[in-house]
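Along the sequence shown, residues carry numbers from 1. Ligands are counted one by one from 1 in listed order, and the atoms in each one are counted from 1 as well.
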Amino acid sequence: MSSERQAIFDTGHAAGELARERFPSGVLVEEAHFEHNQAVRKTESLLTRTDIPAIYEAGFTFQGIRTRVDILKRSGHSAFDLVEVKSTTRVKPEHISDVAIQVYVVEGSGVLVNRAYLMHLNRGYSNQDGSPDLKQQFSLQDVTDAARSFIAERAAGELARMWAALQQRDAPNIETGSHCNIPYRCSFYGYCHQNSGSRSDRKIQH
Ligand code: SF4
């Protein structure tokens, strides 16, 4: 992992851990991402515990799509609010699709989602005395309607397109370009840009 990606990862990790304090007394699904099936089983067991107000890093699989939810907060007896934590200072378009797919997978797994939120850092907040005020440090934005619109209008098509690409024997023949960095730098950036003076002068076989 590059130092740049590591820094983003560390910042995101720290924000995620701090954000949990805003939904206290929850239980963390500690299994690592490569232990996904165990995480799903642990989550299934925690979902039955009505005495637990929140689950952190809950794991789900639906239609072959795996997700871990930053915070799943109990909302009534049989529904949950889903909270995705971002270490950015505003909601970006790609965050909506991220939340939408999580809602799609969680509900596909049989868990009803009441509201979906993006929790991001509050740009105007400055912590003067060393004790963070979590209500001010983070902004909670309700993106339920946007996420549900994405699911209704785009999720099926986008997922079908991705599955079709994954099932091809050969990787798509695509030129490098701005999509290699936007919205995130691609994990294959180094591979695709090796021996390349500019990113647009080379076609790559994935
Ligand atoms: S796989 Fe290569 S060409 Fe495709 S987005 Fe990533 S870096 Fe760019």
Arg115/Asp81 salt bridge by N-O under 4.0 Å criterion: no

Glu84 bridged to Arg68 by N-O distance under 4.0 Å: no

N, O or S atom of Cys186 closer to atom 2 (Fe) of ligand 1 than 2.8 Å: no

His179 neighbourhood, listing ligand 1 atoms whose heavy-atom distance to it stays under 4.0 Å: 5 (S)

Atoms in ligand 1 with a heavy atom of Tyr189 nearer than 4.0 Å: 7 (S)

Partner set under salt bridge (Lys or Arg N to Asp or Glu O under 4.0 Å) for Arg74, not counting sequence neighbours: none

Heteroatom N/O/S of Cys180 within less than 2.8 Å of atom 8 (Fe) of ligand 1: yes

Expected output: side-chain Ser109 to main-chain Val111 donor-acceptor under 3.5 Å: no

Electrostatic pair Arg41-Glu44, nearest N-O below 4.0 angstrom: no

Those atoms of ligand 1 less than 4.0 Å from some heavy atom in Cys192: 1 (S), 2 (Fe), 7 (S)

